Amino acid sequence: MTGRLSASLVGVINDAGIGASGLESSMETTLAGKNGRYDYANGAGTIIPGSQQFITEAKPGTGVQLTIDRDVQWVAQNAISSAVASTHAASGTVIVMDPKTGEILAQASAPNFDPSQKKSITLASLRNPAVQDVYEPGSTGKIITVASAIEEGKTTPESVWTVPYSFNVGAAKFHDAEKHKTLRLTTAGVLAQSSNVGAIQIGSLLTHDSLYSYLRKFGIGESTGSHLPGESAGLLPPLDTWSATTAPTIAFGQGYSVTALQATSVFATIANDGVRVTPNVIAGLIDNSGTFIPSKPKASQRVVSSATARQMRLIMESVVSEQGTAPAAAIPGYRIAGKTGTAQRADGTCHCYKGYTSSFIGFAPADAPKYVVSVVIQNPVGQHFGGVIAAPVFKTVMSFVLQSKHIAPTNTNKVAYALNEAALTKPKA
């Protein structure tokens, strides 16, 4: 397992000793250094003493220190490998990020490869799925819709919505994942119960221009700036191509594509009080004298206000409650916030939706976030709900992170938002 840790991130070198994938490739000029050269006189096959003349001094390469925490990476790799095997999924990814600095502590994917077994390495295995594979986020994308509407003053966490099972927008019919009677949910309840219909109604409060603008601010449709090799920008349809059904589809997290790193960055923005920080894996460089040169601080951008981010964090705690879709992500003693995703998976071979992308992304402690953990599982067989198969992976990884980093439970008082109209009218205890 040791050789497999961070294999897709670090990459491999070819037989000529040149980086062929991953950071080995993108940082080849930094790592490799330069060969030296000298001339000498040759007499009968031997060097004539005193004839040597250096033409070019050899220049050693520069070391690169990653932000990856080996122990966290180990736990993340084992957790996602087990989940992919048990669900017979096509692949899976776990990312652990510090939302304030953008530093990535772990980036694990399965299946992975052993760089020492070169004969078994294929071009497909060399891909870094965390930044190269794109998928429609599904319900984790509802975070953007709700945060945007709150930021624009169009709704509050306890605004009440009439939420039927299905909902028509023009000639198109949208529906929730499971049948239910008409509900009276608050905005917090829409997110906690992951209602597509509720998300469409909340999204309809925003103009197309406004929704598109917030998607861009959250980093959708552009590279995260991590400079990881092969990073995809995902796919966000240009505004002038939107049809009558584009906005409602986007409102519940379909109709656009992201990478796992982009999705993680969205949640890190909420965790970081509404400020988006560029993700990074390079802690700094080590010159040939052994001196460590830290990387420069990464660029940041305010996306939503601190007030909106605080409200969102409290709303997202409801997702992990017994009334939400991911009680399996709860960690005893800690306040956890997050969101499940169970998206239909676009299949390029049939140009249709086939299978699912299951995910859970969250952070802890919810009221003073230190770390974000994202889990994405592609095309599981059988059970496919993110709250069932991805949330337990989050719990395993986040539990270890909190313990290994000595993060104490915050134990602060929590005033939960009402999730439905009946809870709003209940007398306060």
Side-chain angles (χ1 to χ4, degrees), residues 76 79-80 82-83 86-87 89 92-97 135-147 157 176-178 180 183 185-196 198-199 252-253 260 263-264 266-268 270-271 311-343 356-367 369 371-378 380 382-402 409 414 416-420:
I80 194 61
S82 296
S86 65
T87 61
T93 300
V94 171
I95 298 173
V96 182
M97 183 189 292
Y135 64 95
E136 297 187 33
S139 294
T140 56
K142 292 171 184 171
I143 295 300
I144 297 176
T145 304
V146 175
D176 285 342
E178 296 182 332
H180 60 76
L183 305 170
L185 298 177
T186 63
T187 299
V190 166
L191 207 58
Q193 298 188 21
S194 203
S195 169
N196 295 337
F252 64 87
T264 308
V266 169
F267 281 70
I270 298 298
Q311 291 176 75
M312 286 300 299
R313 292 196 294 269
L314 194 55
I315 290 173
M316 292 162 68
E317 285 192 71
S318 300
V319 174
V320 186
S321 71
E322 290 298 328
Q323 291 74 45
T325 56
I331 299 174
Y334 289 91
R335 290 176 61 176
I336 307 297
K339 184 70 190 77
T340 53
T342 307
Y356 295 91
T357 297
S358 305
S359 60
F360 182 87
I361 311 176
F363 45 81
D367 55 325
Y371 298 100
V372 178
V373 173
S374 69
V375 181
V376 181
I377 299 174
Q378 296 290 356
Q383 179 58 260
H384 57 267
F385 287 111
V388 177
I389 65 173
V393 179
F394 167 89
K395 180 177 181 178
T396 296
V397 176
M398 181 62 88
S399 294
F400 179 81
V401 172
L402 293 171
K414 179 176 72 172
Y417 291 125
L419 302 185
N420 53 53

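All values below come from the heavy atoms of this structure, side chains included, with hydrogens, waters and symmetry mates left out. The structure displayed is predicted, hence computed values, not measured ones.
Rounded to the nearest 0.5 Å, atoms CG (Leu191) and OG1 (Thr186) are 9.5 Å apart. Summarising the geometry, atom CD belonging to Gln193 is positioned 8.0 Å from atom NE2 belonging to His180; distances are rounded to the nearest 0.5 Å. Here NE2 of His384 is found 8.5 Å from CD1 of Ile389. Values are rounded to the nearest 0.5 Å.
In this structure, Tyr135 and Gln378 have side chains that are in contact, with non-hydrogen atoms separated by less than 4.5 Å. Between Lys339 and Ile361 the shortest side-chain heavy-atom distance does not fall below 4.5 Å. By the 4.5 Å heavy-atom criterion applied to side chains, Glu136 and Thr357 are not counted as neighbours. The side-chain heavy atoms of Tyr417 and Glu317, taken from C-beta on, include no pair separated by under 4.5 Å. A heavy-atom distance below 4.5 Å is found between the side chains of Ile143 and Ile270. A heavy-atom distance below 4.5 Å is not found between the side chains of Leu183 and Asn420. Between Val146 and Val190, every side-chain heavy-atom pair lies at or beyond the 4.5 Å cut-off. No side-chain heavy atom of Ile336 sits under 4.5 Å from any side-chain heavy atom of Phe363.
Considering every non-hydrogen atom in both Ser318 and Ser321, the closest pair reads O-OG, 2.6 Å. Minimum heavy-atom separation, Ala343 to Pro137: CB-C, 3.9 Å. Considering all non-hydrogen atoms of both residues, Phe360 and Ala329 come closest at CZ-CB, 3.6 Å. Closest heavy-atom contact between Leu314 and Arg335: CD1-NH2, 3.8 Å. For the residue pair Ala192 and Val319, the shortest heavy atom distance occurs at CA-CG2, 3.9 Å. Here the closest non-hydrogen pair linking Ala366 and Arg313 is O-CD, 3.3 Å.
One side chain, Ser194 or Ser139, offers a donor N or O that lies under 3.5 Å from an acceptor on the other.
At distances below 3.5 Å, at least one donor-acceptor pair connects side-chain atoms of Asp176 with backbone N or O atoms of Asn196. Although no hydrogens or angles enter the test, the distance criterion places a donor-acceptor pair under 3.5 Å between the side chain of Ser86 and the main chain of Ala83. Proximity of a side-chain donor or acceptor of Gln383 to a complementary backbone N or O of Phe385 within less than 3.5 Å is detected.
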Working note: Thr342 + Ser358, criterion side-chain hydrogen bond (donor to acceptor under 3.5 Å, both in side chains); need CA distance, chi angles, decisive distance, verdict. CA-CA 5 Å; Thr342 307; Ser358 305; 5.2 Å; no
With a cut-off of 3.5 Å and sequence neighbours excluded, list every side-chain donor-acceptor pair involving residues 392-402.
{"from": "Thr396", "atom 1": "OG1", "to": "Pro392", "atom 2": "O", "distance (Å)": "3.2"}
{"from": "Ser399", "atom 1": "OG", "to": "Lys395", "atom 2": "O", "distance (Å)": "2.6"}

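Residue Ile80 forms a side chain to side chain contact (heavy atoms under 4.5 Å, CB included) with just one option from Val376, Thr93, Val375, and that option is Val375.
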